[in-house]
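What follows is a set of notes on a single structure, which appears directly below.
We name chains A, B, ... by the order of the sequence lines, and we start the count at 1 in each one.
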Number of protein chains: 2
Amino acid sequence: MATEAPATGGTRRDRTRRVTLADVARAAGVSASTASLAVNGAGPVAPATRERVLSAARSLGYSGPNPLARSLRRGRCGVVAVVLGERLAYAFSDPMMVGMLDGLADEVGTAGSSLLLVPLSGPTGAAERLAALPMDAAVVDDCDAATVDLIPALHARGVVVVGVDGPQGSGIPVVDLDDEAATTALFAHLADLGHTRFGVITLPLALDTVGGPLVPADPATRERLAKGAGVQRRRTLAAEEAAARHGVSVRFVEAARNLVDEGERAAATLLDGPLPESPLPGCPRPAGDARPTAIIAQSDVLALGCLRAAGTRGLRVPEDLSVAGFDGVDLHLFDGTTLTTIEQPASEKGRTAARLVAAALSGQQPDDVRLTTRLRVGTTTGPAPGR
Amino acid sequence: MATEAPATGGTRRDRTRRVTLADVARAAGVSASTASLAVNGAGPVAPATRERVLSAARSLGYSGPNPLARSLRRGRCGVVAVVLGERLAYAFSDPMMVGMLDGLADEVGTAGSSLLLVPLSGPTGAAERLAALPMDAAVVDDCDAATVDLIPALHARGVVVVGVDGPQGSGIPVVDLDDEAATTALFAHLADLGHTRFGVITLPLALDTVGGPLVPADPATRERLAKGAGVQRRRTLAAEEAAARHGVSVRFVEAARNLVDEGERAAATLLDGPLPESPLPGCPRPAGDARPTAIIAQSDVLALGCLRAAGTRGLRVPEDLSVAGFDGVDLHLFDGTTLTTIEQPASEKGRTAARLVAAALSGQQPDDVRLTTRLRVGTTTGPAPGR
DNA sequence: TTGTAGGCGTTATCAA
DNA sequence: TTGATAACGCCTACAA
């Protein structure tokens with residue numbers, strides 16, 4: 001039976017037409033619908049018929065249902081997008097992010113889906129790129145105000161959107177951490193050790209920031225905090241509050257990026273003063289420009305940079321300076337050093353996000369999930385000097 | 001005009017139908033084709049008509065062309081798959097891989113495409129998962145024999161396949177490195193320093209390996225090498241050759257994974273002997289079980305583990321032991337140590353792969369590309385003890 | 001157990 | 001400049 005080349009509507013890029021289910025059906029002498037049932041192993045098909053179809057498929061070199069056509073028909077394509085604010089190199093330089101993605105990919109994979117990486121950093125309009133890509137759902141990693149604006153368009157397309165670490169209150173289910181409690185625990189730990197001069201290295205408040213000292217009282221700071229991602233806001237506000245409660249002073253420096261080098265740079269700012277002093281109301285002002293004796297970094301990556309800065313200056317950790325991080329990732333420190341940090345279930349965060357996606361795709365309206373962290377005391381924090 | 005709900009052929013998961021271009025066309029009182037032209041800014045449309053269409057689209061909340069439908073029609077969907085042998089956490093724990101992916105994503109992005117991550121580690125059949133996903137092209141990271149088998153099916157679907165670091169001779173364009181020359185350079189550097197007892201820590205020869213000593217003469221080793229990924233094979237064979245040429249002894253230990261911990265474990269095997277001696281023909285057999293004075297790891301990640309193993313044993317680097325890596329990634333070593341290593345253009349490798357993809361998609365048959373590396377001498381290699 | 005019909009949403013072609 | 005038509009390739013309700 002001749003397979004005459006059908007007059008095609010559009011332009012054909014390649015001269016050889018791909019084998020379709022219709023071809024297989026024709027070769028097997030059955031209807032397309034029967035061929036579909038046979039190929040998919042669905043529905044009732046006489047064994048003989050099935051065999052005929054399958055062997056036709058084999059001999060024609062049929063490569064299975066076209067994913068695009070099938071997806072269009074079914075309304076699902078097995079793709080979950082991950083919307084990243086950064087280039088891959090930056091996002092993936094954070095083991096926390098990698099852990100999250102790993103959990104996400106794994107759990108999403110059990111549902112038969114795969115991850116599509118969509119960095120918003122490119123030159124092209126983020127919105128257009130996102131709109132043109134096939135996806136059933138999108139996971140946005142805690143994002144700034146600009147990224148939040150993309151959500152309505154996705155919803156309009158029927159794309160499920162789930163947030164990781166934020167944004168809260170944007171009408172999407174979110175999985176996040178007890179950042180406030182974690183920050184509070186870090187302050188308590190260090191205050192108990194007698195520290196009264198704190199430094200905090202915050203994560204970048206926006207994607208395009210240059211970092212630098214952060215003056216809490218400055219309205220610009222408040223606004224940037226408000227528009228920034230939730231993690232930064234929650235951890236920073238909690239730090240202000242904890243410092244006030246413990247009656248200690250605290251200086252904030254924003255890192256330009258979540259990179260070791262930037263952590264080092266921010267630490268330098270804290271350690272090499274002078275800095276604008278910004279004691280909170282009711283806090284005793286430390287004498288002179290005395291450097292902080294305890295630095296809390298909002299990520300382990302930044303904390304690592306802080307350790308380097310200390311080393312460069314001949315400061316012993318923790319004798320001269322206590323350093324704490326946030327995340328609990330394995331940083332391969334040498335010499336038996338272990339970072340005091342907040343352990344967060346990075347992979348579980350990803351898995352949970354995947355579950356939220358699955359629930360939403362099946363028509364439910366899942367609630368937010370808050371995961372709990374725990375303080376891990378390592379060797380980088382100790383009594384304040386002179387105690 | 002009422003938009004009567006059309007009797008739909010399939011099952012509708014959601015009760016609310018999405019707004020389609022046909023809806024917009026109807027509302028604007030034009031044909032679907034005209035609406036398409038207007039919305040896409042293509043073709044000649046009267047300004048008034050365009051405006052009418054666009055405003056109809058706006059007021060109906062049209063979210064733009066359905067990517068799936070458009071892709072089906074156009075035959076391109078803007079997705080480039082990255083086929084990974086590992087889970088994300090393992091693959092991304094290697095900065096080299098991250099650099100490659102970053103370059104790939106960036107360059108692919110300029111062509112308007114995004115990366116789809118497809119780990120083959122899952123429980124489901126790799127082939128099926130791959131076959132069901134929408135993609136224009138697939139980039140396979142240097143892979144073992146099993147992964148090579150997936151290529152024909154992709155080609156049958158009309159998917160362009162490009163290899164990174166391998167597999168050579170599989171009928172796909174490949175971008176790789178001058179691994180042999182690089183390995184030779186490392187041996188020459190260390191032999192010049194007077195080393196005669198070498199250890200080599202190889203990358204895992206297969207995804208499911210448990211690692212351990214590798215006996216070159218063993219036929220099983222040869223077979224595993226032959227079936228493994230190209231990088232491992234090329235670097236290992238070149239090491240054998242270089243050792244023979246320099247008349248030095250060499251022991252090989254295979255790491256179970258490309259992880260710092262596994263590098264440490266492999267190094268322990270080399271340093272703590274006794275090991276099966278396997279001098280190459282013509283190589284002087286080292287007296288007793290003397291440990292190697294120089295270790296070459298096939299990745300910086302493994303080399304880092306090796307440094308840790310040395311530290312644990314009180315071996316000074318490079319006084320007691322020289323260590324060299326491969327990749328040239330930034331590992332954030334403390335104390336001013338810089339690893340002697342082979343610098344490879346990881347990001348450029350990804351970019352090149354993207355260019356091969358673009359060329360192949362435009363109907364060309366691009367040639368393989370070989371990128372060049374360069375030896376970077378750091379502080380971890382020095383004269384052999386007693387020289 | 002099999003076939004028919006219809007449509008998923010879009011866009012290229014071609015004629016008007 | 002616009003519109004009718006025909007695919008893109010598949011799947012499913014329903015009839016036979």
Minimum-distance pair of heavy atoms, taken over all atoms of A:Gly78 and A:Asp136 | N-OD2, 2.7 Å

Provide, to the nearest angstrom, the distance between the CZ atom belonging to B:Arg74 and the P atom belonging to C:dT10.
-> 12 Å

Any donor-acceptor N/O pair, A:Arg52 side chain to A:Ala28 backbone, under 3.5 Å = yes

Nucleotide D:dC10, atom C1' - distance to CZ of B:Arg157 in whole Å = 14 Å

What nucleotide among D:dT2, C:dT2, C:dT11 has an atom nearest to a side-chain atom of B:Leu37?
-> D:dT2

From D:dT2, C:dG3, D:dC10, pick the nucleotide closest to the side chain of B:Thr49?
-> D:dT2

CZ of A:Arg50 versus P of C:dG3: gap in Å, rounded?
-> 14 Å

When we call it a touch if two heavy atoms are under 4.0 Å apart, what does A:Leu21 touch: a base, just sugar-phosphate, or nothing?
-> sugar-phosphate

Pair A:Arg70-A:Asn40, side-chain donor/acceptor within less than 3.5 Å | yes

Between the side chain of A:Thr352 and the main-chain N/O of A:Glu348, is any donor-acceptor distance below 3.5 Å?
-> yes

Closest listed nucleotide, where the reference is the side chain of B:Ser33 and the choices are D:dT2, D:dA4, D:dT12 | D:dA4

For residues 61-71 of chain B, which residues have at least one heavy atom under 4.0 Å from DNA chain C?
-> B:Tyr62, B:Gly64, B:Pro65, B:Asn66, B:Ala69, B:Arg70

Rounding to a whole Å, what distance do you find between B:Leu72:CG and D:dA7:P?
-> 14 Å

Any donor-acceptor N/O pair, A:Ser113 side chain to A:Gly109 backbone, under 3.5 Å | no

Hey, is the side chain of A:Thr34 poking within less than 4.0 Å of OP1 or OP2 on C:dG3, counting only N and O atoms?
-> yes

Check whether the side chains of B:Ser31 and B:Thr34 place a donor and an acceptor atom closer than 3.5 Å, and report yes or no.
-> yes

Electrostatic pair A:Asp176:A:Lys349 at N-O distance under 4.0 angstrom = no

Taking all non-hydrogen atoms of both residues, which atom of B:Arg129 and which atom of B:Pro119 are closest, and how far apart?
-> NH1-O, 3.8 Å

Measure from CD on A:Glu51 to P on C:dT1 and round the result to the nearest Å.
-> 16 Å

Check whether any side-chain N or O of B:Thr20 sits under 4.0 Å from OP1 or OP2 of C:dG9, and answer yes or no.
-> no

Axis deviation across the helix from C:dT1-D:dA16 to C:dA16-D:dT1, five-pair ends, to the nearest 10° = 40°

Figure out the CG/C1' separation between B:Asn40 and C:dG9, and round it to whole Å.
-> 12 Å

Send over the distance from B:Arg73 CZ to C:dC8 P, rounded to a whole Å.
-> 17 Å

If we only count heavy atoms from C-beta on, is the B:Val108 to B:Asp106 side-chain gap below 4.5 Å?
-> no

C:dT11, C:dT2, D:dG9: which one has an atom nearest the side-chain heavy atoms of A:Val45?
-> C:dT2

Distance in angstrom units between A:Arg76 CZ and D:dT12 P, rounded | 13 Å

Is a side-chain donor or acceptor of A:Ser71 paired with a backbone partner of A:Pro67 at a separation under 3.5 angstrom?
-> yes

Nearest to side-chain heavy atoms of B:Ser36, which nucleotide of C:dT2, C:dT11, C:dT10 = C:dT11

